[in-house]
Asker: 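Dumping the structure here so I can ask a few things about it.
We name chains A, B, ... by the order of the sequence lines, and we start the count at 1 in each one.
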Amino acid sequence: MLNLNDYKGVFVFVQQVDNKVTSVSYELVSKGKELAKELETSVTAILLGHKVDALCTNLAKYGADRIVVVDDPALETYMTEPYVYAMSEVVKAYNPEIVLVGATAIGRDLAPRVAARVLTGLTADCTKLEIDPETKNLMMTRPAFGGNIMATILCPNHRPQMATVRPGVMQRSEINEDAKAEIVHYKLDDIAAHINVEIKEIIKKTAGKMDIQDAKILISGGRGMGSPENFKLLDNLAEALGGTIASSRAAVDSGWVEKDRQVGQTGKTVRPNLYIACGISGAIQHLAGMEESEIIIAINKDPGAPIFEVADYGIVGDATKILPVFTEQIKKLIEQK
Amino acid sequence: MRVLKVVVCIKQVPDTNEVKLDPVTGTLIRDGVPSIINPDDKAGLEAALRMKDEYGARVTVISMGPQQADLALREALAMGADEAILVTDRAFGGADTWATSSTLASAIKKLEFDLIITGRQAIDGDTAQVGPQIAEHLGLANISYAEDIKLEGDSVVVRRQYEDRYHVIKAKMPCLITALSELNKPRYMTPGGIFDAYREKTVTIWTRPDLDVSDSNIGLKGSPTRVHKSFTKAVKGKGTVVALDIQESADFLIEKLKEKFIL
């Protein structure tokens, strides 16, 4: 039986791609800090990569008390096994009580293998993390069944308690410009020996558009927009309001927009200040990805559409007719200012 | 020539797209919801069947689940799989991803294989953990989120999806790949295939005694995680819904955006 008291501290895996920290990592350092306070312990960021020391400054500003850096040429680009090895070694050396990882395409590949290797449980895609006031266990809440059910999961007898966390769900804290973190360079000599695949090519998707998880205003379209051409109406409104476009799964499946625009259970979770859903009926899977938005406006022809259940303001009508008038009026208002 | 052996892990899941919420109680209506082969797994199966078409690969499907999962395995056989194994026992019940993957890994160990394909994630659990964890228990390389799979000699070349890019990754077999439903469009069962699935082919049943795995690594007992509670989400208070003409609609929205200081 393992002695749970031997495991201390909240650890956060910091994801970096091309030596840029992925947004969710700051969200998790912020959340980790909160949890650490409740547990009267500290938050440690684990940073894997090559020549990544410069990334430490910002991690400290978001609240990391300590940063464990594993710097190795073999960690420059994400590959499963070298990362799993390095991460597992750090976890085994420090015995944290909690390990948080972003539920990204990297985190959801890395975390399961690390959990299996260090013999502990892992809860996927959490949307809420709390400390049980009595047992001090981590209560990990996640959607299941396509977002129909929420389940709170515990990992009572194994350590660390590991969770992947959906990007965009936890709030970043205010940054503290003066904060400093202790930086530890953790040495592992044989990381390159763990490379067991070969990356033949890296193909970047042409983005050009703002990431929907970073946007404060999202104009989102679904099947009810009728055609890919009508998505131009969404673009126009997004431009007028300084936002970007998003979509439902139906519009992605129809090939009207790129997959990176998709909001929902199999797409991204977003939490903008304003979400305007146009011609989106509001399948549960879609609602799961956007219902935490500050203000939700829905325009849909069908008065029975479930999207109206979560909308702050709903218009029963044809978005393709209303949007041009609405956009023109906004443009005029902005010009007058 | 040596026959390429591919093992595909499939899960029978309720079709969550068909699940509706009771508008009054907010609970799930599960009655009459059909069971299907999990979509990512079905794409993995199709990828394996294409290797059979092209290279004469032998395709074995394996599923852990209750007796009813026989139906999913028969469908896989009817699509063209050669062999099907159902891993079923009450002792395996209540398993989290750790125990599920260790059970499946111990079953796969009994088989000869060059390549294991699983779906990325199941639509009922959405964890994406079982595939990579099977690879971990078997000590194999894994490539997750496959959008394209090609064979090249004794290796696979996979286009692996990330949020903003792809990696084209080459790995020597044996290894494990997790498939995305975008990978392909799975074929339908054929009438001849259905006939064979029920008359010519069998679903092999493996129970607890058939597997060489410790009790501490299976079922509820072998699961580090516990479901503490589950609940349906609280429904947010309904907002204002209006039906107006086009101009009035635009005016209404402008008014609201001004109230909220967005304009």
Asker: Where does A:Asp132 contact chain B at under 4.5 Å (heavy atoms): side chain, backbone, both or neither?
Answerer: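 For A:Asp132, neither part sits under 4.5 Å from chain B.
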
Asker: Write down the atom of B:Gln161, the atom of A:Ala105, and the distance for their closest heavy-atom approach.
Answerer: O-CB, 3.9 Å

Asker: Any side-chain heavy atom of B:His167 sitting closer than 4.5 Å to one from A:Thr77?
Answerer: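 The answer is yes, as the side chains (C-beta and beyond) meet within the 4.5 Å cut-off.
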
Asker: Would you compute the distance between atom CG of B:Leu253 and atom CZ of A:Phe326 and round it to the nearest 0.5 angstrom?
Answerer: 4.5 Å

Asker: In terms of heavy-atom pairs under 4.5 Å with chain B, which of A:Thr104, A:Ile217, A:Asp318 leads?
Answerer: A:Thr104

Asker: Output the option from A:Ala124, A:Pro303, A:Ala111 having the highest count of non-hydrogen pairs under 4.5 Å with chain B.
Answerer: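 Top option by heavy-atom pairs under 4.5 Å: A:Ala124.
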
Asker: Under 4.5 Å heavy-atom distance to chain B, tell me which part of A:Leu110 shows up: side chain, backbone, both or neither.
Answerer: neither

Asker: Side chain, backbone, both or neither: which part of B:Ala135 has a heavy atom under 4.5 Å from chain A?
Answerer: both

Asker: Got a second to check how far A:Ile153's CD1 is from B:Ser230's OG, nearest 0.5 Å?
Answerer: 8.5 Å

Asker: For chain B, find which of A:Ile322, A:Ile330, A:Val197, A:Leu154 contributes the most heavy-atom pairs closer than 4.5 angstrom.
Answerer: A:Leu154

Asker: Hey, which of A:Leu119, A:Asp211, A:Leu323, A:Thr266 has the most heavy atom pairs under 4.5 Å with chain B?
Answerer: A:Leu119

Asker: Pick one of side chain, backbone, both or neither for A:Thr80, based on which atoms fall under 4.5 Å of a heavy atom in chain B.
Answerer: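 Answer is side chain: those atoms of A:Thr80 sit under 4.5 Å from chain B.
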
Asker: Kindly indicate whether the side chain of A:Lys204, heavy atoms from C-beta on, has any atom under 4.5 Å from the side chain of B:Asp164.
Answerer: no

Asker: Check each atom of A:Ile299 against the heavy atoms of chain B and say whether the ones under 4.5 Å are side chain, backbone, both or neither.
Answerer: side chain

Asker: Please look at A:Leu241 and chain B and tell me whether the side chain, the backbone, both or neither of the residue comes under 4.5 angstrom of a heavy atom of that chain.
Answerer: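 A:Leu241 touches chain B through side-chain heavy atoms alone.
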
Asker: Determine, step by step, whether B:Val227 and A:Thr152 satisfy the side-chain contact (heavy atoms from CB on, under 4.5 Å) criterion, reporting the C-alpha distance in whole Å, the side-chain angles of both residues, the deciding distance to 0.1 Å, and the verdict.
Answerer: CA-CA 6 Å; B:Val227 178; A:Thr152 302; over 6 Å; no

Asker: With rounding to the nearest 0.5 angstrom, report the CD1 to CD distance, B:Ile123 to A:Gln285.
Answerer: 8.0 Å

Asker: Please evaluate residues A:Leu333 and B:Ile254 with respect to the criterion side-chain contact (heavy atoms from CB on, under 4.5 Å), reporting the C-alpha separation (whole Å), side-chain torsions for both, the decisive distance (0.1 Å), and the verdict.
Answerer: CA-CA 9 Å; A:Leu333 271 171; B:Ile254 298 272; 3.5 Å; yes

Asker: Would you tabulate the side-chain donor-acceptor contacts of residues 172-185 of chain B under 3.5 Å, counting partners in other chains and residues two or more places apart, or write 'none'?
Answerer:
from, atom 1, to, atom 2, distance (Å)
B:Thr178, OG1, B:Tyr145, N, 2.9
B:Ser181, OG, B:Asp40, OD1, 3.4
B:Asn184, ND2, B:Ala43, O, 3.0

Asker: With a 3.5 Å cut-off and no angle check, do the side chains of B:Glu163 and A:Gln213 form a donor-acceptor pair?
Answerer: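 No, A:Gln213 and B:Glu163 have no side-chain donor paired with an acceptor closer than 3.5 Å.
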
Asker: Salt-bridge test for A:Asp109 and B:Arg120: reply yes if a basic N is under 4.0 Å from a carboxylate O, no otherwise.
Answerer: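 The answer is no: the pair does not qualify as a salt bridge.
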
Asker: What's the spacing between A:Cys155 SG and B:His228 NE2 if we round to 0.5 Å?
Answerer: 14.0 Å

Asker: Which one, B:Ser223, B:Pro132, B:Ser155, B:Ala171, leads in non-hydrogen pairs under 4.5 Å with chain A?
Answerer: B:Pro132

Asker: Could you tell me which non-hydrogen atom of A:Ile315 sits nearest to which non-hydrogen atom of B:Ser249, and how far apart they are?
Answerer: CG2-OG, 3.5 Å

Asker: Non-hydrogen atoms of chain A under 4.5 Å away: do they reach the side chain of B:Lys170, the backbone, both or neither?
Answerer: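 When you check distances to chain A, atoms from both the backbone and side chain of B:Lys170 fall under 4.5 Å.
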
Asker: Do B:Val168 and A:Ile199 have side chains that approach each other closer than 4.5 Å (heavy atoms only, starting at C-beta)?
Answerer: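 Contact flag for B:Val168/A:Ile199 side chains = no.
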
Asker: Does the side chain of A:Val316 reach to within under 4.5 Å of the side chain of B:Val241, using non-hydrogen atoms?
Answerer: yes

Asker: Between B:Tyr166 and A:Ile202, is there a side-chain heavy-atom distance shorter than 4.5 Å?
Answerer: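 Result no, sub-4.5 Å side-chain heavy-atom pair not found.
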
Asker: Heavy-atom distances under 4.5 Å only: say whether A:Thr141 touches chain B with side chain, backbone, both or neither.
Answerer: side chain

Asker: What part of A:Ile297 lies closer than 4.5 angstrom to a heavy atom of chain B: side chain, backbone, both or neither?
Answerer: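 Contact with chain B is through the side chain of A:Ile297 alone.
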
Asker: Give a yes or no on this: more than 12 heavy atoms of other residues, nucleotides or ligands lie within 6.0 Å of atom CG of B:Asp212.
Answerer: no

Asker: Which heavy atom in A:Ala115 sits nearest to a heavy atom in B:Gln133, and how many Å separate them?
Answerer: CB-NE2, 4.0 Å

Asker: Step through the shown structure and confirm whether more than 12 heavy atoms of other residues, nucleotides or ligands are within 6.0 Å of NZ on B:Lys256.
Answerer: yes

Asker: Please look at A:Thr22 and chain B and tell me whether the side chain, the backbone, both or neither of the residue comes under 4.5 angstrom of a heavy atom of that chain.
Answerer: neither

Asker: Checking side-chain contact (heavy atoms from CB on, under 4.5 Å) for the pair B:Arg165/A:Val17: CA distance, chi angles, key distance, verdict?
Answerer: CA-CA 11 Å; B:Arg165 65 191 64 198; A:Val17 178; 3.5 Å; yes

Asker: May I ask you to test the B:Gln247-A:Val325 pair for a side-chain heavy-atom distance under 4.5 Å?
Answerer: yes

Asker: At their closest point, which heavy atom of A:Gly121 faces which heavy atom of B:Pro224, and how far apart are they?
Answerer: N-CB, 3.3 Å

Asker: Can you tell which part of B:Leu140 gets under 4.5 Å to a heavy atom of chain A, answering side chain, backbone, both or neither?
Answerer: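 For B:Leu140, backbone heavy atoms alone lie under 4.5 Å from chain A.
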
Asker: Is A:Ala298 in contact with chain B via its backbone, its side chain, both, or neither, using a 4.5 Å heavy-atom distance?
Answerer: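 Neither part; nothing is under 4.5 Å.
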
Asker: Are B:Thr225 and A:Leu122 close enough, and set up right, to give a side-chain contact (heavy atoms from CB on, under 4.5 Å), and what steps lead you there?
Answerer: CA-CA 7 Å; B:Thr225 62; A:Leu122 172 65; 6.0 Å; no

Asker: Need one label for A:Lys259: side chain, backbone, both or neither, based on atoms under 4.5 Å from any heavy atom in chain B.
Answerer: side chain

Asker: Who wins among B:Lys258, B:Arg160, B:His137 for the most heavy-atom pairs under 4.5 Å with chain A?
Answerer: B:Arg160

Asker: Is the closest side-chain donor-acceptor distance between A:Gln329 and B:Asp251 under 3.5 Å?
Answerer: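 Note: A:Gln329 and B:Asp251 side chains meet the donor-acceptor criterion.
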
Asker: With a 4.5 angstrom heavy-atom cut-off, could you sort out which part of B:Asn142 is near chain A: side chain, backbone, both or neither?
Answerer: both

Asker: Locate the shortest heavy-atom distance separating B:Gln129 from A:Thr123; write the atom from each residue and the value.
Answerer: OE1-C, 4.0 Å

Asker: List for me each residue that meets salt bridge (charged side-chain N to carboxylate O under 4.0 Å, His left out) alongside A:Arg108, sequence neighbours excluded, and say none if there are none.
Answerer: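 With neighbours one apart ignored, the set is A:Asp125.
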
Asker: Might you point out which heavy atoms bring B:Gly125 and A:Arg142 nearest each other, and give the distance in Å?
Answerer: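 Shortest heavy-atom separation between B:Gly125 and A:Arg142 comes out as O-NH2, 2.8 Å.
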
